[in-house]
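To start, the structure itself, in structure tokens.
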Amino acid sequence: MSRRIYIFDTTLRDGEQSPGCSMNLQEKLQVARQLERLKVDVIEAGFAVSSPGDFQSVKSIAESVKNSTVASLSRALPQDIDKSWEAVKNAVSPRIHVFLATSPIHMQYKLRMSPEEVLERAKKMVAYAKQYCSDIEFSAEDATRSQPEFLYRVFEAVIDAGATVINVPDTVGYTTPDEFYELIKNIRENVSNSDKAKIAVHCHNDLGLAVANTLAAARAGATQLECTINGIGERAGNAALEEIVMAIKTRPQQFDLDVQIDTTQILRTSKLISSITGSPVQPNKAIVGSNAFAHESGIHQHGVLAEKSTYEIMTPESIGLSKNNMVLGKHSGRHAFEDRLVELGYNLTKKELDETFIRFKALADKKKVVQDADLEVLLQHKSVEIPEMYKLDRFVINTGNTITATASVRLIKQSEEEMLIEEVSTGDGPIDAAFKAVEKAVGANFTLEDYTIRSVTEGLDALGEAYVKIRSGARVYTGKGVSTDVFEASVLSYVNAINKMIYEETPV
Ligand code: KIV
Ligand code: ZN
């Protein structure tokens with residue numbers, strides 16, 4: 001029988017802490033619910049002690065998720081462990097995750113602790129966490145640059161102190177598949193009580209080897225694989241969940257492992273993360289890139305038409321990519337609309353259906369055919385309900401190649417009473433003019449870091465999806481907007497980012 005492998009998703013912790021990927025509470029809850037649908041075994045919901053916002057997100061996720069374990073990260077310090085427990089204690093299946101570095105370089109320069117002190121602290125803090133929670137993970141940060149003999153001693157001690165999972169992070173993405181295979185094998189053989197805990201691996205992608213290293217470790221006996229959706233994470237990111245899972249599923253003879261992920265939820269999860277973080281997936285990205293199942297060359301098209309397996313090693317349906325792209329239009333009724341959403345795997349409440357149907361009708365008025373990709377974008381953009389201090393009322397843009405672009409934007413401000421604010425600005429092009437008019441209207445202090453626009457489907461009436469990232473102090477807020485008019489999508493995305501910033505930064 002295949003060996004069971006546990007998937008630990010850290011999109012909401014290691015992924016979220018990477019530049020430009022921060023999410024607010026509602027967005028994190030939406031991601032956690034989707035990870036549950038994907039059937040990940042463990043959701044690392046955050047680092048509870050790091051900020052009151054992180055604490056609240058971990059707590060809300062712990063209280064809402066029912067079918068996955070919910071973990072919170074903690075340094076090996078009592079105050080971190082207390083906060084983690086406070087945040088996860090109401091989960092159906094809570095876990096405290098404690099980490100401490102074990103490599104000479106981290107112990108000397110970062111921790112300023114001797115190896116013996118590290119060993120003692122690790123033991124003591126795992127025992128401290130164990131008084132709260134039965135499920136304790138211990139991570140030896142920078143394990144792959146640690147001295148193996150020391151690593152074995154630390155793992156043995158923390159298992160004795162109550163750790164149920166020992167994690168071997170390749171924190172700086174330094175190892176290689178053969179080397180990592182040996183390390184995991186050696187840990188199994190040299191840690192006398194290793195059979196009493198799961199062995200986990202957590203690989204970063206600095207050399208582009210995170211997935212290969214993770215798979216090598218799984219073959220060597222690791223039972224928990226840590227990863228993120230789309231591989232988001234610090235620096236070059238973490239091992240991508242979709243790549244690990246599809247490699248295991250597609251090559252059963254190579255791996256003979258049992259992962260209980262619902263792979264048909266992979267594409268939707270990937271799109272959700274990319275839409276919330278405003279970080280597009282590169283077209284040639286394995287599994288979830290827009291070209292991953294496209295066959296452009298004549299020879300390939302011919303082969304696939306004759307027999308799919310000539311050039312397709314997995315089916316598009318297996319990751320949730322529907323080839324049956326049924327189209328809806330302005331004459332489509334509520335039944336057809338609802339049926340299509342069910343076929344696409346969406347299970348909406350009546351309120352959500354009502355709201356999305358209104359937006360579908362508005363879109364169908366502007367766009368002859370509404371494709372599945374349009375519906376998915378409508379659903380992703382409905383999503384996050386934060387109070388909107390500003391709403392776009394109207395705008396006018398005057399532009400051309402021989403004149404200076406001018407924009408006039410009118411916003412509705414929701415304060416005690418509704419107020420209309422209209423501002424005019426010139427700019428270096430129509431978007432710049434419109435954004436400057438919005439800035440004048442809201443008067444807040446932030447800088448624009450990034451702006452992108454992409455078309456959801458083909459055709460001149462395609463939906464445009466705009467993303468902006470704005471910076472306020474240390475925080476970056478992602479805004480998104482969608483419309484068949486690219487200027488409108490852009491202004492909506494800017495106003496959305498500003499609303500998020502105000503929502504997060506206004507004291508309650
Ligand atoms: O990369 C790393 O070492 C980590 C640990 C905290 C598990 O993210
Ligand atoms: Zn990491």
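In each ligand, atom 1 is the first atom listed, and ligand 1 is the first ligand listed. No experiment lies behind these values; they were computed from the predicted model shown.
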Strictly under 2.8 Å, is any N, O or S atom of Glu234 next to the Zn ion (ligand 2)? no
Test salt bridge (Lys or Arg N to Asp or Glu O under 4.0 Å) on Arg95 and Glu44; report intermediate values, then the result. CA-CA 9 Å; Arg95 176 180 293 179; Glu44 184 160 57; over 6 Å; no
With side chains defined as the heavy atoms from C-beta onward, is the minimum distance between Met125 and Leu77 less than 4.5 Å? no
Answer with yes or no whether Arg13 contacts ligand 1, where contact means a heavy atom under 4.0 Å from a ligand atom. yes
What is the ring orientation for Tyr128 with Tyr132, classed by angle as parallel under 30°, tilted 30 to 60°, or perpendicular over 60°? perpendicular
Met246 and Thr263, any side-chain heavy atoms less than 4.5 Å apart: yes
So which of Glu226, His202, His204 gets nearest to atom 4 (C) of ligand 1, if we judge by its closest heavy atom? His202
Rounded to the nearest 0.5 Å, what separates atom CD1 in Ile159 from atom NZ in Lys123? 13.5 Å
Residue part near ligand 1, for Glu234, under 4.0 Å between non-hydrogen atoms: neither
Lys469 to Tyr477 six-membered ring, cation-pi geometry met (6.0 Å, 45°): no
Starting from atom 7 (C) of ligand 1, locate the nearest protein heavy atom and write down its residue, its atom name and how far away it is, to 0.1 Å. Ser139 OG, 3.7 Å
Tell me the angle that NE2 of His202 and NE2 of His204 form around the Zn ion (ligand 2), rounded to 10°. 100°
Of all the N, O or S atoms in Asp14, which one sits nearest to the Zn ion (ligand 2)? OD2
Region of Thr171 engaging ligand 1 - heavy atom pairs below 4.0 Å: both
Residue Glu141 vicinity, atoms of ligand 1 by number, heavy atom under 4.0 Å: 3 (O)
Does Arg153 count as lying over the ring of Phe155, i.e. NZ or CZ under 6.0 Å from the six-ring centre, within 45 degrees of the axis? no
